[in-house]
Amino acid sequence: MDEGTELSSTIAQIVHKLSGSQLHFQMERQAKECLNHPSVQLETLKEDVKQYLRKSGWEKKLQNAVYQELNMIHTSGNPIAPPEHIKEPLTYMRKAQASWEKRILKSLNSMCTELSIPLSRKRPINEQKELLTKWNEMGTDEPDLSHFRPVYAPKDFLEVLINLRNPNFDNSDQPSATSHWGLIQVPLRVKDLSELREFFSELSLGYGQLGIEESSQVPQDIFENEHARIGRKVLADQDSAAAEQYIRQGSPTELRAELWGLILNVTSDPEDIMYYEQLTTSVIQHDLLVDNLFYKDVKLTASNDDYYFVFEDFLYQVLLCFSRDTTVLEHFKYNSATPPKSYIRGNLGIEEFAVVYPPNGVIPFHGFSMYVAPLCFLYNEPPRLYSVFREMYMRYFFRLHSISSSSSGIVSLCLQFETLLQTHLPQLFYHLHEISAQPLRIAFKWMVRVFSGYLATDQLLLLWDRILGYNSLEIIAVLAAAVFAFRAENLMEVTSLAAAEAVLADLSTLKVIPLLQIFLFATVT
Amino acid sequence: MDLIPGSSSMCDNMVACSIKAPVSLQIGNMFTDAANLGVLVIDAVSPECTSFNLQEISFKNNYTAFLMVRLHKQDPNSPGNVKWVTCLRNYQLMPCPHTEEGAQDYFSISRQQMLIEPDNITAVRLILRPAFSVWLNFGLEDIRISETGKEDSEKTLPSWLSSLTPVGQAPKCQNAIPDPDKISSSIQQMWALTEVMQSSKTTARVGRFDVDGCYDINLLSYT
């Protein structure tokens, strides 16, 4: 298909998507209102209306909405491709994802059966009132959750990825030029170091960066002042694309919340706040089994974290609302996963009573709440915190627990990490391989959680700046490899997986940007 | 994703070609010489050998690296004079033969991409070259051949989509993200047309997950 057709198809998709949106109605209303404006003449109606929308800032909003949609389109967009191909082009990946989902469903069902509790029930009125009164202090509640266990943990998922094979690939045991020594054995395409250098060119030593102590080019404080000044300009201009480019060099702390909101095109209109309130009502009305999984997860992870325990109440609010949000279902169009299905009690098999469970289609796993926790540092109003998290999830985080061939998908990230280590630190890779301490076994949990809970918060936010700036998760595979490179000397001395894990147990003192720069741009190849 | 009517130019002009089973061609012994993968040849013949003007060939790849297309073309001046001509040479379907990129993607090859005017065709021959010996099987699936539309044929939606970006002036799509300025100017033109789209289907969300206020569920369904 030629590029013209591809572009037309992309445009058609975006127009289709935006045509039912809130923005469309708002713009239409504005256009109607402007007809009363004296500057609008009948003879030049079309141009005048356009001019009006441009001046009143609506054109910018439309531009940002289009840019947001463009960022979500990851496929080549051939119009003849069926929906499942857009979810995931490779058949064996789709099958692997489906069988992994089946395991999760079985696990959740058996939990229900063992504990004799339903997946969902309506709360009695008195229970609803009780929950409403303690909405802002859900953390003080100490329900007995000892019977609940996380549906799965990252290491269970890693086992699935390790066993992933392409049936059309010659998987013979004989080592050959194409053999891969790592745990991931699927032949996906990942970037080599020179491609990564090109892709992350703004991280090179010639550019100023936030997150480094000093630079050889310009004194760091001069750069920081200038960068903050440009940042304010970018915000004043309200342009998502400019903000995305800007944040590649890091975001000043005081501008970060606004910049991320702009990049993700998250608004705080009264409609958004009302939508959030609607979600809280849904939480009050229905009691879901997944709520207990979220409670348990927060207790096991964020509540034990020195940085995040203070946000416990925020986390419950956001996560419970998230599970009720049906707009999240939209992302299953481009996610290889499929939301679990069920039927309203007593109506098994009747299609009119078929529902998605949970309402957003996402079953949480051990560590899920760590996707929200760092955002609590940026946003202190729950509706905004919620919208930013939802957008981050629908753009990036879902890729970290679905099996897909996407370059930001977890399989590619694992392979990217192993390939970088094998190619650039072959001795270290070989040593760890020999003592059965496969590097991926250590790095996997970092990547699944996007390093949340492992790095110091300021460092984590500098890392996430780059995820947003490059609209890609590939940076986390590079960072994982860079951490190994940084600790290579110590790792060469260990003789067991436990000892290697001990060397890499504490990442809270690491400075991510210098590590990334050294690994990407100061490594001799 | 919902397919948008009119976004594909080939749906309504399909040629009911009979697609023959792939024939494997190989030099030497395939058992002793593992590196010699040979080629596959797939012939598509138009019904009763009537000639047609080719518009587009589309298919789903299955681990084929390169494609060559030859056409059985009639000379319009002397219909008896028929010969095989190459209209596409070494078209790359898998950019990196060792990895999965493009391995199972959908492709459409339109007449503008061909070396000759693909008119008065009676048969299409697809010659497939494999990527690399690590892939056990290769082929093409879901092959569809369409002919050019009649001048007066009416479609439900005009081909305004493709007319927006004339072939040859298509902007370079680096990393699949085209220039936002160009998109925004195109969007301006298309805004009026959203009304047409909207009347056919709206994407507005309802946001309800319950059925008549009830969301009592016991277990998940496996089907």
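Predicted, not measured: the structure shown is a model, and the values here were computed from it. First the proteins, then the strands, lettered A, B, ... as listed; each starts at 1. The figures here come from the full heavy-atom set of this structure, side chains too, leaving out hydrogens, waters and symmetry mates.
- More than 12 heavy atoms of other residues, nucleotides or ligands lie within 6.0 Å of CZ in Arg165(A), so this atom counts as buried by the packing criterion.
- Taking CG of Leu108(A) as the start and CG of Leu219(B) as the end, the distance is 9.0 Å to the nearest 0.5 Å.
- With a 4.5 Å cut-off on non-hydrogen atoms, Leu289(A) does not touch chain B at all.
- To the nearest 0.5 Å, atoms CG (Leu90(A)) and CG (Asp105(B)) are separated by 8.0 Å.
- Counting heavy-atom pairs under 4.5 Å between each of Lys106(A), Glu101(A), Gln22(A), Gln285(A) and chain B puts Lys106(A) at the top.
- For the 3.5 Å distance criterion, the side chains of Asn218(B) and Tyr343(A) fail to qualify, holding no donor opposite an acceptor.
- For the residue pair Gln104(B) and Thr91(A), a side-chain donor N or O sits within less than 3.5 Å of a side-chain acceptor on the partner.
- Heavy atoms closer than 4.5 Å to chain B are found in the backbone of Glu352(A), but not in its side chain.
- For the atom pair OG of Ser221(B) and CG of Leu348(A), the computed distance is 7.0 Å after rounding to the nearest 0.5 Å.
- Between chain A and the options Asp210(B), Asn137(B), Asp142(B), heavy-atom pairs under 4.5 Å are most frequent for Asn137(B).
- No donor-acceptor distance shorter than 3.5 angstrom exists from the side chain of Thr326(A) to the backbone of Phe209(B), with no hydrogens or angles considered.
- To the nearest 0.5 Å, atoms CG (Asp212(B)) and CZ (Phe353(A)) are separated by 6.5 Å.
- Residues Tyr106(B) and Pro82(A) form a side-chain contact, since some pair of their non-hydrogen atoms from C-beta on lies under 4.5 Å apart.
- Only the backbone of Val356(A) comes within contact range of chain B, judged by heavy atoms closer than 4.5 Å.
- Interface summary for chain B: among Arg121(A), Lys102(A), His286(A), the most heavy-atom pairs under 4.5 angstrom belong to His286(A).
- For Thr99(B) against Leu188(A), the heavy-atom pair with the smallest separation is CG2-O, 3.6 Å.
- Ring orientation note: the planes of Phe169(A) and Trp135(B) are nearly perpendicular, at an angle over 60° on the 30°/60° scale.
- Of the atoms belonging to Tyr215(B), heavy atoms from both backbone and side chain fall under 4.5 Å from chain A.
- Under the 3.5 Å distance criterion, the side-chain polar atoms of Asp216(B) are matched with a main-chain donor or acceptor of Lys122(A).
- The closest side-chain heavy-atom distance from Arg144(B) to Ile80(A) is below 4.5 Å.
- Residue contact with chain B, scored on non-hydrogen atoms closer than 4.5 Å, involves the side chain of Asn166(A) exclusively.
- The shortest non-hydrogen separation linking Ile217(B) to Ser342(A) is CG2-OG, 2.9 Å.
- With a 4.5 angstrom heavy-atom cutoff, Cys214(B) touches chain A via backbone and side-chain atoms both.
- You'll find the side chain of Tyr222(B) reaches within 4.5 Å of the side chain of Asn109(A), heavy atoms only.
- More than 12 non-hydrogen atoms from other residues, nucleotides or ligands lie less than 6.0 angstrom from CD of Glu141(B).
- Comparing Asp325(A), Asn168(A), Leu119(A) by heavy-atom pairs within less than 4.5 Å of chain B, the highest count is held by Asn168(A).
- Here CD of Glu100(B) is found 6.0 Å from CE of Met93(A). Values are rounded to the nearest 0.5 Å.
- No side-chain heavy atom of Pro187(A) sits under 4.5 Å from any side-chain heavy atom of Val134(B).
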